[in-house]
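Written below as structure tokens is the structure these notes are about.
A, B, ... follow the sequence lines: proteins, then strands. Residue 1 opens every chain.
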Amino acid sequence: MIKGCNMDKLDKIFSSFISNNLFKNKSVLQSNYSPEQITHREAQIESVASILAPALRGERVSNLFIYGNTGSGKTLSVRYVRDKILEKLQELGGDYLQFIYVNCKLKKVADTEYRIVAEMIHELKGSIPATGLPTDQVYLKFIEMIDVKKQVIIIILDEIDEAVKKISDRFIYTLTRLNSELKNAQISIIGISNSLTFMDHLDPRVRSSLSEEELVFPSYNALQLQDILRVRAEQAFKEGVLEEGVIEKCAAYAAREHGDARRALDLLRVAGEISEREEGTKIKVEHIDSANQKIEKDKMLDIVEKVPKQFQLVLAAALSLHKNKIEEIFTGDVYNTYQDLCQKTRNEVLTQRRVSDILAEFDMLGLINTRVISKGRQGRTREIKLMLPGPIQDKAEEILQKSLYL
DNA sequence: GTCAATTCACATGAAAGAGACCACGGTCTAGTG
DNA sequence: CTAGACCGTGGTCTCTTTCATGTGAATTGACGA
């Protein structure tokens with residue numbers, strides 16, 4: 001019935017998209033892009049390179065531990081050095097050096113010791129079932145694979161703090177001790193972490209072996225962010241698309257978030273997309289603001305939607321309490337409301353212990369903000385504040401209703 | 001009024017269970033020569 | 001004789017429960033001024 005009009009509209013959207021493309025090459029702004037040149041990280045790259053250089057002679061290199069805030073170029077720099085070394089290696093015609101890159105934060109990878117080792121085997125082009133084998137079998141297979149010849153293996157564990165948090169530091173210990181079981185190959189580990197305090201919680205033995213060398217990546221300041229953005233923007237956008245002050249604003253926003261360059265690039269990209277959708281020909285300063293909001297919003301709603309049902313129930317309980325204008329929400333209140341909700345929707349009721357954990361996880365995800373307070377004789381509890389801004393709240397409620405009632 | 005003990009309502013930890021998934025090896029079956 | 005189907009065992013993973021211990025300040029009640 002509205003077919004005709006619909007088609008016209010779609011047609012318009014498509015054609016405007018084609019004719020009015022602000023981007024020259026959008027992938028430059030995506031987070032997995034590796035640029036030719038890395039701005040403002042020369043010193044760190046040199047350090048990494050000089051630490052890893054002995055590998056080119058087939059010698060084992062020191063374990064290296066790198067830390068710095070998110071988006072300070074850690075992963076980028078390490079990958080850059082890796083690629084350069086591999087290039088050099090090819091020039092020399094050697095094959096006695098291999099890198100294994102594992103990002104411990106990716107959901108399917110992290111979580112367990114088993115999967116991290118399995119992922120390493122994957123990186124080496126081996127195959128291993130996703131589950132079903134004893135963990136030591138997996139280690140055995142890994143050892144078998146790398147010990148076939150004399151070679152240096154450099155394992156890059158990105159976001160290693162996540163892995164240690166989930167598992168324990170035992171697996172790093174096992175990894176460092178693997179060398180004694182190897183006859184031919186040698187292993188070195190590069191650990192990359194966002195958390196500066198991560199090291200403090202480690203077993204001293206692990207700590208000393210992992211941080212034979214240490215490197216800090218300082219956060220970018222606003223000026224450095226501007227430089228980075230300029231270089232990328234030039235490649236990403238067509239000429240004259242960026243309005244005056246856009247880069248500066250972008251950099252300022254990101255600098256506020258601990259100088260997160262990834263964030264800055266995201267902002268710029270999303271701003272471009274927004275402007276494009278509005279069929280504008282320029283990216284204006286206002287677009288950065290909208291982009292900032294949109295990124296937040298998308299992130300949160302995404303979580304609301306993807307989280308398991310029990311989580312959604314808990315969130316719905318907290319949300320309804322909040323809607324009833326109850327200023328101070330505590331764990332007990334949420335639990336009671338949650339129980340009612342479960343009965344209404346015929347869902348299983350979990351124990352308070354579990355709900356407490358779920359709330360803690362929401363805190364981690366940033367949907368709520370909790371603070372453990374003691375109310376004296378009224379006991380100890382979490383004080384819960386919802387972190388969803390108004391318009392997002394409505395959307396979230398919509399999503400929750402849909403997935404809980406239907 | 002002051003001080004230490006009490007007490008609440010959870011937080012936080014550790015361990016273990018349930019149910020799903022999976023690999024592996026052994027056994028059975030049907031098809032082939 | 002052999003390939004494939006089928007089973008039992010033993011392993012992991014995730015979510016959850018059970019049991020146990022910890023905790024910070026309002027409250028209480030004894031005490032002394």
Side-chain angles (χ1 to χ4, degrees), chain A residues 102-122 124 126-145 159 161-172 174-175 197 200-203 303-318 321 326-343 345-365 367-386 403-404:
Chain A
V102 177
N103 187 339
C104 306
K105 199 177 186 178
L106 297 178
K107 182 73 181 161
K108 60 178 185 338
V109 176
D111 288 3
T112 69
E113 195 172 359
Y114 182 104
R115 286 208 205 153
I116 287 179
V117 183
E119 182 62 21
M120 296 199 301
I121 292 176
H122 250 91
L124 291 170
S127 67
I128 191 93
T131 166
L133 290 182
T135 307
D136 40 339
Q137 285 282 317
V138 187
Y139 270 111
L140 231 58
K141 168 138 191 188
F142 179 66
I143 291 173
E144 218 170 84
M145 280 185 80
E159 320 252 11
D161 45 331
E162 294 287 328
V164 169
K165 216 187 308 168
K166 290 243 171 68
I167 317 164
S168 75
D169 49 14
R170 206 188 67 235
F171 97 96
I172 305 183
T174 320
L175 228 48
T197 55
D200 303 340
H201 308 301
L202 283 184
D203 186 309
I303 294 172
V304 174
E305 196 168 3
K306 289 217 177 107
V307 114
K309 199 165 60 185
Q310 290 291 352
F311 280 59
Q312 291 183 335
L313 282 164
V314 174
L315 189 64
L321 280 174
I326 297 171
E327 276 305 309
E328 297 182 317
I329 306 176
F330 302 109
T331 309
D333 306 334
V334 174
Y335 187 64
N336 289 336
T337 322
Y338 158 81
Q339 273 180 314
D340 291 348
L341 206 60
C342 278
Q343 295 193 340
T345 57
R346 295 175 171 269
N347 275 296
E348 234 180 313
V349 183
L350 299 183
T351 49
Q352 179 154 307
R353 176 73 187 82
R354 181 66 187 136
V355 171
S356 174
D357 276 351
I358 291 176
L359 284 172
E361 283 192 50
F362 273 132
D363 187 24
M364 293 260 293
L365 291 169
L367 290 195
I368 62 178
N369 198 334
T370 70
R371 198 162 58 101
V372 179
I373 54 164
S374 175
K375 295 192 294 171
R377 205 100 200 255
Q378 270 82 59
R380 249 158 82 84
T381 183
R382 276 202 183 87
E383 190 186 50
I384 298 164
K385 280 202 203 97
L386 277 182
S403 78
L404 291 179

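- In this structure, A:Gln352 reaches the sugar-phosphate backbone alone: every heavy-atom distance under 4.0 Å involves primed, P, OP1 or OP2 atoms, never a base.
- Atom NZ in A:Lys141 sits about 17 Å away from atom P in C:dT12, given to the nearest Å.
- Between the side chains of A:Gln137 and A:Tyr114, no donor-acceptor pair is found at a separation under 3.5 Å.
- Place A:Ala360 and A:Gly379 on DNA chain B by their nearest nucleotides, and A:Gly379 ends up nearer the 5' end.
- When all heavy atoms of A:Leu367 and A:Leu315 are compared, the closest pair comes out as CD1-CD2, 4.0 Å.
- Of the side-chain N and O atoms in A:Arg380, none sit less than 4.0 angstrom from OP1 or OP2 of B:dA11.
- Taking atom CZ of residue A:Arg371 and atom C1' of nucleotide B:dA9, one finds them 17 Å apart after rounding to whole Å.
- Considering only side-chain N and O atoms, A:Ser374 lies nowhere under 4.0 angstrom from the phosphate OP1 or OP2 of B:dC8.
- Between A:Val138 and A:Ile121, the closest heavy-atom pair is O-CD1, 3.7 Å.
- Remark: P of B:dC10 and CD1 of A:Ile384 are 10 Å apart, rounded to the nearest angstrom.
- Regarding A:Arg115, its CZ atom lies at a distance of 12 Å from the P atom of B:dC22, rounded to whole Å.
- Within the 4.0 Å cut-off from OP1 or OP2 of C:dG24, not a single side-chain nitrogen or oxygen of A:Arg382 is found.
- Atom P of nucleotide C:dT23 and atom NZ of A:Lys375 are separated by 20 Å, given to the nearest angstrom.
- A sub-4.0 Å separation between OP1 or OP2 of B:dA9 and a side-chain N or O of A:Thr381 is absent.
- Look at CD on A:Gln137: it is 14 Å from C1' on B:dC22, rounded to the nearest Å.
- Between A:Val349 and A:Cys342, the shortest heavy-atom distance links the atoms CG2-CB, 3.7 Å.
- OP1 or OP2 of B:dC10 has not a single side-chain nitrogen or oxygen of A:Thr331 nearer than 4.0 Å.
- Taking atom CD of residue A:Gln310 and atom P of nucleotide C:dT14, one finds them 18 Å apart after rounding to whole Å.
- Residue-level contact check: A:Val334 touches neither bases nor backbone, having no heavy atom under 4.0 Å from any strand.
- Judged by atom type and distance alone, A:Arg353 does not reach the base of C:dT17 through any side-chain donor-acceptor pair under 3.5 Å.
- B:dC10 atom P lies 14 Å from atom CD of A:Glu383, rounded to whole Å.
- A:Thr337 places a side-chain N or O within 3.5 Å of a backbone atom of A:Asp333 that can act as its donor or acceptor partner.
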